[in-house]
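First the structure, which I've put down as structure tokens, then a few questions once you've had a look.
Keep in mind that what you see is a predicted model, and the values were worked out from it rather than measured. Here is the naming used below: chain letters follow the sequence lines, and residue numbers restart at 1 for every chain. Just so it is clear, the values below take in all heavy atoms, side chains as well, and ignore hydrogens, waters and symmetry mates.
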Amino acid sequence: MHRVSRPSVSGILINAAALVLVLSYALPYIYLLMTSIKPAADVQQIPPSFFPAVISFENFREVLQSSTLPKAFINSLTVAMLTTALSLMVAVPAAYVATQYRRRITTFFLLFALVTRMVPSVSLGVPLFQLLKSIGLLDTIPGLVLAHTSAAVPLALLLMSAFFEGVPKELEEAARMDGCTRFQAFRKIILPIITGGIAVTALFTFITSWNEFLYALLLTSESTKTAPIVIAEYNSVYGLAWGAMTAAAVLYSLPVIIVTLALQKQIVGGLTFGAVKG
Amino acid sequence: MSDEDRFVLCMLAPAVAILGLLVAYPVGLLIFDSFFKVETITPHIREWVGLQNYIDALTSKRVAESALRTLQYSVFALFFEFTFGFCAALLFSAMVGQSRWHRTIFALPLMVPPIVAGLLWRFLLVGNIGILNYGLVQLGLISDPNEIAWLSSEDIVIYSVSFADIWLTTSFVALVSYAGLTNIPKDLLEAARIDGANALKRFWHVTLPLMRPVIAVVVIVRGVDAAKTFDLIWIQTQGGPRHASEVFSMNIYQRMVRFGDLGEASASGTLFLLVMMVLAGIAYWKIWRPAHA
Amino acid sequence: MNRLLSASALALVFMAASARAETINVLVEGGGEMLQKAVAEKFTAETGIEVKFTVVPYQGVFDKFSAEIASGSSAFDVVTIDVVWNAKFAKHVEDLSALFTDAVRADLPPALLADAKVGDKLIGMPTWANAEIVFYRKDLFDKPEEKEAFQAKYGSPLAPPKTWQQWRDIAKFFTRDTDSDGKVDFWGTDTIGTFSEEWMAHVLQAGSPGVILDKDGKVIIDNEAHKKALEFYIAPHCTDHSVPENVNEIGWGEAQNLFYQGKTAMMKFWAHAYKMTPEDSKVSGNVGVAPMLAGDAGIAAIPGPWYNVVPSTSQHKEAAKKFIAFAIANNALGIEAPLGLAATNSAYSSYASKPGYEHFTPLLETLGAPATQGRPINEKYQEIVDEAVLPAVQQALTCKADVGEVLTEAKETIEDILD
């Protein structure tokens, strides 16, 4: 009796604690959401109220009427997806050999990737601008994808390295004994068990690009600019359109919610290579 | 070249190409510029000044103060991000497969554009207008919504501006740690349980050692990012009042962009790089590497 | 090979396009597009030259233009810049003196003309200009019982303030606890601690020959006028307690919101806000406007103009200049846009008597006042403000520092920066 009831008590405690933590982090977002459905005069009420007295969709109407925002959303989505794909293609193999085939050059490479993450991004902006200009990729989607990839690859490399550290070397050796080439072992044996790590890495590469501001500002023009730039325009020198800005931010978060939900399923995957190790 | 070496090189090449092409050149330029007197908008006009920019930066009281503030800000932010994030990851993993929605909702802050997040926190915190103080009044913790001047009291502002950072990035720690936890082979924990280890012991002797690389990466990435953050702070206070929330990277940004002093900003940037490398090196050797010992 | 091919194909397309219609690219902030859209359409209709706007957030104009200049070539033919950047970009833009005909000069407030001049060059043409004026709650000022109470207390009629003393008296008068819970919940006005422009306006009202620097570039931030203005600027907060006390958190946005939310009776604010009062706001329909305050030197303000400049690297300089000349000649076309601002006297005058444009008369009077002048035209202006001026104002607003010492300290910092 005692043994049966104990897990459920701790289960309830765990669920309650998780709920409290999650809700307290969600609170500012919910406030943002509530603000977006307040009428213009109430968005910055004094004293403030959490819930709207009247629900109004005028902020959303204003945002949806914007001539540039839909295009900017499409640009953002395109750039973020391409950046994610390119970054993973580049970083996953590199992280694999950097951890599983450790040698001086790979350690040096990991440290170099780390260094690139530390450079203040303002000092990268102008050189990147000149570089892309000289190869004719300024103001283009591929140009921005390259720039975002250069920012996302170091992060992806480090994250993937951490996940590959948990993969025992024996796994690849076993696969090679079964006749796989090194690359086949990587693709067919290693990748499937590391999907959780890849999913998390994909999520954060996506978000890195999705939220990036400085490169997007410098490297694009009217037809290629991304949503963060357009959303920032609601904060002009003549005043802040806070209602419209929150509405745009809420719309802006929807694609990421979908991406996150989709990727979350992968994270549960988990590993079952205990058998190999044991 | 052995077959193995060739494999390593092939797998490494694309990443080397991207980083080499797009990052190595700007980094080299940053270091190069730091030895010149040169303005941001006229990089072709430059005058060699040797180490003068470094001397200026190292003897500047403002640089020293902002470096100290960066430390306060980063340690404070990292501590709470890591504590909350790691706890969340442990809770999610204890919920076994029922935490998908929890994790998604927990990640909501990540989906808010940073500029909106900065403004949102500014409006939450500003005295009289911000809802946070009204909430504290309701809870009976303070008596007047004006009582805590989060963004204008010089003693606390450097910590107040980090709330936005903590809110935005705790889920990074949580999700990455969670992915790391799911990677720990269940049978190892099971074996430890059969050996009679209690939950705390299992955590300490099995989970934690296997999580070392993940923890190291989380600490390094978040530490570096927290030290680099300035836009979130800029949106909330512009570094004020009286520079009380100015961090080192904001100093670099102001020098480089607003004041156009590329040379001295580059010297500060290079110094920042050096310090971060040492700190990251320590984190790498102390936290990550012992996993192999 | 491939690149060469596509490059020449691109060149061909380009040439074909330019043979048909010339296009000029204009880099602007969001407001700049709104204000110049109408004039651009008319320009295209009359000349056949297309005008393409690239809209970026405020700071983006500076960042993007800087990056373009640093890279040695520019995709833009016209950039609309904030006056605070004039000195910084002066070396990298065309001299537009030829566009300043006698008619144009006569139609511009002198302060705007002065701000366009960097060295011997007229580097930009004003596109629109703004200035702080006085906003007040008409409903409160018109209430008989308020009038009586004020007359009884201060011995003068309650009317829109014109002088520093009137400003302080009225602010004190309206500051009160409306729900009797022992806490003040309605203020006479606000004090802004995150920007220093309003204090600079008071410096000019006090009769200083310049703000921060004089004409020869000497630092005068510690002169008597600067001191008197700073004392006045902090008085409502430190002495009268007629403003919300978290002054160093209050910026333009907060000040404007306090007024719209019916929490303050008056504010000094940029004139464009008159048209932007939300329709469903508590104060809608009750907003009155008056010229900026006057000191010993009379009315004075710091203008907030924007300028159209032509980058030296532009490929379409002639078309760009044509557009700029056209824009100033048709300056009134921007007034129908949401922000409703213009630069020339004639443009403002043509709307001043129309309903809904009551703010134009006080704005014109403020912009044209003899003591009104711009911020110092200095390449290091931004640095001076960030490093010395704003911290000094913020320190004074702690009410714990001696105003004279604060300004002396600021003077030393500024001299270091200029060395």
Side-chain angles (χ1 to χ4, degrees), chain A residues 14 17-18 21-22 25-26 28-29 32 46-48 50 90-91 93-94 96-97 101 109 113-120 122-124 127-128 146 149-150 153 158-159 162-163 165-166 182 196-197 200 207 211 228 231-232 245 249 252-253 256-257 260-261 264 267-268 270-271 274 277-278, chain B residues 7-8 11-12 14-15 18-19 22-23 25-27 29-30 88 91-92 94-95 97 100 102-116 120 124 129 131 134 167 175-176 179 182-183 185 187-188 210 213-214 217 221 224 228 249 252-253 256-257 269 272-273 276-277 280 291:
Chain A
I14 286 169
L21 198 62
V22 163
Y25 268 80
Y29 181 88
L32 189 80
I46 309 172
F50 192 86
V90 164
Y96 176 67
V97 292
Y101 290 79
F109 176 70
L114 199 54
V115 169
T116 60
R117 177 120 189 128
M118 296 168 183
V119 189
V122 277
S123 58
L124 296 175
L128 258 179
L146 270 185
T149 303
S150 77
V153 162
L158 290 168
L159 285 178
F163 296 129
E165 282 281 9
R182 283 178 211 281
V200 170
I207 285 170
N211 282 341
I231 291 176
M245 199 181 213
Y252 177 82
S253 63
V256 201
I257 294 179
T260 312
L261 262 180
Q264 293 284 13
I267 303 177
V268 199
L271 293 187
K277 196 152 199 171
Chain B
F7 177 68
V8 170
M11 300 281 275
L12 226 42
I18 291 255
L19 292 183
L22 295 169
V23 190
Y25 163 68
V27 173
L29 199 61
L30 177 81
L91 288 173
F92 294 157
M95 289 168 74
R100 190 168 153 221
H102 288 75
R103 280 178 279 131
T104 304
I105 294 170
F106 201 62
L108 278 175
L110 284 172
M111 303 160 194
V112 177
I115 179 176
V116 180
L120 175 68
L124 288 171
I129 302 169
I131 200 166
Y134 283 91
W167 180 67
L175 293 185
V176 174
T182 59
N183 274 8
D187 38 5
L188 280 186
L210 287 173
V214 172
V217 164
V221 169
V224 168
K228 253 172 68 175
S249 48
I252 298 173
Y253 162 79
M256 190 171 289
V257 178
F272 178 80
L273 209 58
M276 293 314 292
M277 275 166 70

Using heavy-atom distances under 4.5 Å, tell me whether B:P113 contacts chain A through its side chain, its backbone, both, or neither.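 Both backbone and side chain.
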How close do A:M118 and B:K228 get, counting heavy atoms only, and between which atoms?
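Nearest pair, atom of A:M118 first, then B:K228: O-CD, 3.8 Å.
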Query raised in the report: Under a 4.5 Å heavy-atom cut-off, does chain A meet the side chain of B:L124, its backbone, both or neither?
Result: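 Contact with chain A: side chain only.
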For B:P14 and B:M11, which heavy atoms make the closest approach, and how far apart are they?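 Residues B:P14 and B:M11, closest heavy atoms: CD-O, 3.7 Å.
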Using a cut-off of under 4.5 Å for heavy-atom pairs, which of B:V27, B:L29, B:V221 has the most such pairs with chain A?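 Winner by heavy-atom pair count: B:V221.
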Side chain from CB out, backbone as N, CA, C, O: work out which of these in B:V257 comes under 4.5 Å of a heavy atom of chain A, or both, or neither.
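B:V257 touches chain A through side-chain heavy atoms alone.
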Worksheet item: Counting heavy-atom pairs under 4.5 Å to chain A, which of B:Y25, B:F272, B:Y134 comes out on top?
Response: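 Of the candidates given, the most pairs with chain A belong to B:Y134.
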Can you say whether B:S249 sits under 4.5 Å from chain A via the side chain, the backbone, both, or neither, judging by heavy atoms?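 The answer is neither part of B:S249.
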Quiz item: Can you say whether B:V8 sits under 4.5 Å from chain A via the side chain, the backbone, both, or neither, judging by heavy atoms?
Solution: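 For B:V8, the contact with chain A is made by backbone and side chain together.
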- Item | Interchain contact, A:Y29 with chain B, by part (heavy-atom threshold 4.5 Å) |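 It is both, since atoms from each part get that close.
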- A:N211 (side chain) donor-acceptor with A:P228 (main chain) under 3.5 angstrom: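 No, the answer is negative, given that no donor and acceptor are paired below the 3.5 Å cut-off.
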Chi angles and distances behind the side-chain contact (heavy atoms from CB on, under 4.5 Å) call for B:R103, A:T260: CA-CA 9 Å; B:R103 280 178 279 131; A:T260 312; over 6 Å; no
Ring-plane angle category for B:F92 and B:F106, please: parallel below 30°, perpendicular beyond 60°, tilted otherwise.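 It falls in the perpendicular class, over 60°.
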Quiz item: Of the backbone (N, CA, C, O) and the side chain (C-beta and beyond), which part of B:L30 lies under 4.5 Å from a heavy atom of chain A, both, or neither?
Solution: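 Side chain only.
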Could you tell me which portion of A:I207 (side chain, backbone, both or neither) has an atom closer than 4.5 angstrom to a non-hydrogen atom of chain B?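 Side chain only.
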| message | Under the criterion side-chain contact (heavy atoms from CB on, under 4.5 Å), I'd like the reasoning laid out for B:W167 against B:L120: C-alpha separation, chi angles, the key distance, then a yes or no. | response | CA-CA 11 Å; B:W167 180 67; B:L120 175 68; 4.1 Å; yes
query = At a heavy-atom separation under 4.5 Å, does A:F50 approach chain B through its side chain, its backbone, both, or neither?
reply =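 Both backbone and side chain.
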inquiry  = Among B:V224, B:I105, B:I252, which residue has the highest count of heavy-atom pairs closer than 4.5 Å to chain A?
reply    =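 Winner by heavy-atom pair count: B:V224.
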Looking at B:P114, B:A94, B:A88, which one has more heavy-atom pairs under 4.5 Å with chain A than the rest?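 With the most close heavy-atom pairs to chain A, the winner is B:P114.
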Margin query: For A:M245 and B:I115: C-alpha separation, side-chain torsions, deciding distance, then whether side-chain contact (heavy atoms from CB on, under 4.5 Å) applies.
Written below: CA-CA 10 Å; A:M245 199 181 213; B:I115 179 176; 4.0 Å; yes
- Item | Euclidean distance, B:L175 CG relative to A:L159 CG, rounded to 0.5 Å |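 Between atom CG of A:L159 and atom CG of B:L175 there are 11.0 Å.
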| What part of B:A15 lies closer than 4.5 angstrom to a heavy atom of chain A: side chain, backbone, both or neither? |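 Its backbone and side chain both get close to chain A.
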* Relative to chain B, which segment of A:V119 carries a heavy atom at a distance below 4.5 Å: side chain, backbone, both, or neither? ->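 Answer is both: backbone and side chain atoms of A:V119 are under 4.5 Å from chain B.
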Fill in: chain B contact via A:L261 - side chain, backbone, both or neither, heavy atoms under 4.5 Å
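Contact with chain B is through both the backbone and side chain of A:L261.
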Under 4.5 Å from a heavy atom of chain A, the part of B:V217 involved: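 Contact with chain A involves the side chain of B:V217 alone.
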B:Y253 versus chain A, the contacting section by heavy-atom distance below 4.5 Å: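 Looking at B:Y253, backbone and side chain both touch chain A.
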So what's closer than 4.5 Å to chain B heavy atoms on A:L158: side chain, backbone, both or neither?
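Answer is both: backbone and side chain atoms of A:L158 are under 4.5 Å from chain B.
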If I take atom CD1 from residue B:I131 and atom CD1 from residue A:I46, how far apart are they, to the nearest 0.5 angstrom?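 B:I131 atom CD1 to A:I46 atom CD1 measures 12.5 Å (nearest 0.5 Å).
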Less than 4.5 Å to any heavy atom of chain B: does that hold for the side chain of A:V97, its backbone, both, or neither?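 Side chain of A:V97 only, per the 4.5 Å heavy-atom cut-off to chain B.
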- Message: Counting only non-hydrogen atoms closer than 4.5 Å, does B:M256 touch chain A with its backbone (N, CA, C, O), its side chain (CB onward), both, or neither?
- Response: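 B:M256 touches chain A through side-chain heavy atoms alone.
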| Once you round to the nearest 0.5 Å, how far does OG1 of B:T182 lie from CZ of A:F163? |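 Here the interatomic distance stands at 7.5 Å.
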(message) For chain B, which candidate among A:I231, A:I257, A:L146, A:V153 shows the most heavy-atom pairs at distances under 4.5 Å?
(response)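 The candidate making the most pairs under 4.5 Å is A:I257.
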_Distance check, rounded to the nearest 0.5 Å: A:L114 atom CG versus A:F109 atom CZ?_
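The CG atom of A:L114 sits 11.5 Å away from the CZ atom of A:F109.
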Subject >> Which atom of A:L128 lies closest to which atom of A:S150, heavy atoms considered >> reply: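 Smallest heavy-atom distance, with atoms named: CD1-OG, 4.4 Å.
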Check: So what's closer than 4.5 Å to chain B heavy atoms on A:V115: side chain, backbone, both or neither?
Finding: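 Both parts, backbone and side chain.
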